[in-house]
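Here is the structure we will look at.
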There are 2 protein chains.
Amino acid sequence: MSSRTPIEPRRRRGSTQPTLKEVAEAAGVSTITASRALNTPELVSEAARTRVLQAVEQIGYVPNLVAGSLASARSRFIAVIVPSLANAVFIEVIQGLQETFEAQGYQILLGNTDYDLRREYQMIRTFFGWSCSALVTAGLRHSPACRTLLEGWDQPIMEVMELGDALDLNVGLDHQEAGRCMARHLLERGHRAIAYVGAGMGDDYRAGLRFEGHREVLEGQGFTAPCLDIGRPGGLDGGARGLDLALERHPGITAIHFANDDLAAGALLHAQRLGLDVPGQIAIAGFNGLPLGRHVTPRLTTILSPRATIGRVAAEEVLRRLAGKPVRRRQHDVGFTLLEGEST
Amino acid sequence: MSSRTPIEPRRRRGSTQPTLKEVAEAAGVSTITASRALNTPELVSEAARTRVLQAVEQIGYVPNLVAGSLASARSRFIAVIVPSLANAVFIEVIQGLQETFEAQGYQILLGNTDYDLRREYQMIRTFFGWSCSALVTAGLRHSPACRTLLEGWDQPIMEVMELGDALDLNVGLDHQEAGRCMARHLLERGHRAIAYVGAGMGDDYRAGLRFEGHREVLEGQGFTAPCLDIGRPGGLDGGARGLDLALERHPGITAIHFANDDLAAGALLHAQRLGLDVPGQIAIAGFNGLPLGRHVTPRLTTILSPRATIGRVAAEEVLRRLAGKPVRRRQHDVGFTLLEGEST
DNA sequence: CTGAAAGCGCTAACAC
DNA sequence: GTGTTAGCGCTTTCAG
């Protein structure tokens, strides 16, 4: 007789949650049949299926998704990484993603980097640890470590917002072209001394890309393109600050091209308080096409970016890839529209 | 010789991801020591720890959190359920939650019910399948099935936004009292014919609670309290619609108490377009204290709700409970502040 | 401080 | 259509 007498097998389980095995026993089938009845019902006879479903109902079984994911080596998680939640733009992209993914039974794992590329790397590492089915991240810029990590990953990667040299899939718009578009519009309206004002453009480099386009057009016509960065936070307060600062630094300007609508609307409302005529004394333009721009007087001239569309299209392409279907285009330009208000 | 000759044991693993076992081998320790070196480093000798960490770095090991969660029967997920992402209020609560939880290594699983209680039930079921450490949900109202499910759960449940008869933990403010507060303010300013205007108050029942408080005060003083629901979506457009409708239905009113700042700001900007004097011809009040209210002219009278605080405090209480510390209060009133603008 | 063994609850692979 | 078996990669348990 051995000295080792395991009278009772070691037990660990504390949770009283019913398991699939118990469901199977109650239904008089094997666990795999119970599993199939829930996941691939078409592979199971109707009789078995009904009995399993009844047992589930009666026992109050809730599938353990953690166990399922481990066994199948894939979770129905989609990692989504954005630089900010304070910006309505990303919220709308997230909404577009969420609606589309949730309808297919995927759950979003949301990460907010606060415009910090190191945080992006950390988050992606963590998310990969959850065996995500895909990754959707805002932007094309990543730290070198992050890039290495991403290149070694074998699931779909979707980079959204701007277009360019993407790792895998890419949905967005051409920010430089948007900048050019607005600069041309301002020139058409007769403006010659135009300042560009952004908030934290080092981090929000898409605002920088728009400025590049803006500058290209202005300098191409022989004008200067002064640029002001008021730092973060931006928002309506930032817009007010930006207006004051631009008028102080560049007294001769007749128009300000703001990096986004929050800033532009803040400036416009501030001009109202100051008794400045818009666009008579100073013209104001924005970017994004937020609803607020349609409600201020004068209405804000801006560029409508199809944010919800970015989310929806990105999700659709990722789902297509996950379903094994060929992806129509690796790159998808959702475009933009100039919205002419009376503020320019 | 048996007919069954499994030349090679069945292999399933497709993923080439390095595992903890490989790290352990490279470091010359057992897997459990490698595990401890990563999770409870204080239980491991410094020599072993360094070798494991080196191996991790070299191999590029990313912990499989799914496997870890299954083995330990708990994940570092916090389920967070909100009725809408279109509303800045919930975004700010989520931000407060996220900052606090992420700092402790918890990941939020975000669910959006779109004001549908059945979806809440479904989401909670799914989230429980992920072995969440806690649940944070907006509101005290749940479907009966959901309530049963929640009552049988053994992890912390935090209900946020309004105060009341909670299942477990509760952080929020008294919406009826907020409604009373604004009604009193309007009476003080001399208004007697006041309409309350909301959007989709059947779903957004907290707006309904505020109306109850509002009505109580007005009727207590012998005035009527007409209420208008313009349906969803609300937003700035809804506010404009609400102003038109209220003036049409109740031509004698001198003030409108809107259910939130989006509506109120929309009405205020619309009044500006119509050339209506605010508050001379019509006074406008809101709820939430969004930044926009400080930027319009006249500034919006509203009630500041401490949204980020709700998120932060809720997260802190949950973390305290998860750490096994006694919770100071099951219920936490974060209060509110009347912000007097010039719109009333 | 370290390790061997035994699962966590489920699904992939194969066999019938 | 159904069942058996063998894991998924990690952590718990128990024994040094």
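Chain A is the first sequence line, chain B the second, and so forth, proteins listed ahead of strands; every chain is numbered from 1.
Side-chain contact, E120(B) with T137(B): a donor N or O sits under 3.5 Å from an acceptor N or O.
Minimum heavy-atom separation, A73(A) to S131(A): O-CB, 4.3 Å.
Atom CD of E46(B) is separated from atom C1' of dT2(C) by 17 Å (rounded to the nearest Å). Spacing between atom CG of L20(A) and atom P of dG9(C) amounts to 11 Å, rounded to whole angstrom units. K21(B) has its NZ atom 15 Å from the P atom of dT11(D), to the nearest Å. One atom, CH2 of W130(B), and another, C1' of dG9(C), lie 13 Å apart when rounded to the nearest Å. Going from atom CG of L43(B) over to atom P of dT13(D) covers 14 Å, rounded to whole Å. In this structure, L38(A) places its CG atom 14 Å from P of dT2(D), rounding to the nearest Å. As rounded to whole Å, 10 Å separates atom P of dG9(D) from atom OH of Y61(B). Rounded to whole Å, atom P of dG9(D) lies 15 Å from atom CZ of R74(A).
For the OP1/OP2 pair of dC10(C) and a distance below 4.0 Å, the side-chain nitrogens and oxygens of S69(A) include no atom meeting the criterion. Taking side-chain N and O atoms only, S35(B) has a distance below 4.0 Å to OP1 or OP2 of dT11(D). Phosphate contact (OP1/OP2 of dG3(C), side-chain N/O of T33(B), threshold under 4.0 Å): present. OP1 and OP2 of dT11(D) both lie 4.0 Å or more from every side-chain N or O belonging to S72(B). Not one side-chain nitrogen or oxygen of T31(A) sits closer than 4.0 Å to the OP1 or OP2 atom of dG9(C). Contact between the side-chain N/O atoms of N64(A) and the OP1/OP2 oxygens of dC8(C) is not found at any separation under 4.0 Å.
Side-chain atoms of D114(A) never come within 3.5 Å of backbone atoms of D116(A) as a donor-acceptor pair (strictly under, hydrogens ignored). Side chain of Q331(A) to main chain of G164(A): a donor-acceptor pair is present (N/O by atom type, distance under 3.5 Å, no hydrogens or angles).
The side chain of A48(B) lies closest to dT2(C) when the candidates are dT2(C), dT2(D), dT4(D). Nearest to the side-chain atoms of S30(A) among the listed nucleotides dT4(D), dC10(C), dT13(D) stands dT4(D).
In this structure, E316(B) does not pair ionically with R320(B), as no charged nitrogen and carboxylate oxygen lie closer than 4.0 Å.
Sequence order on DNA chain D of the closest nucleotides to V62(B) and I32(A) puts I32(A) first from the 5' end. Toward the 5′ end of DNA chain C lies the nearest nucleotide of V29(B), the other residue of the pair V29(B) and A67(B) mapping further downstream.
A donor-acceptor contact under 3.5 angstrom links the side-chain atoms of R36(A) to the base of dG3(D).
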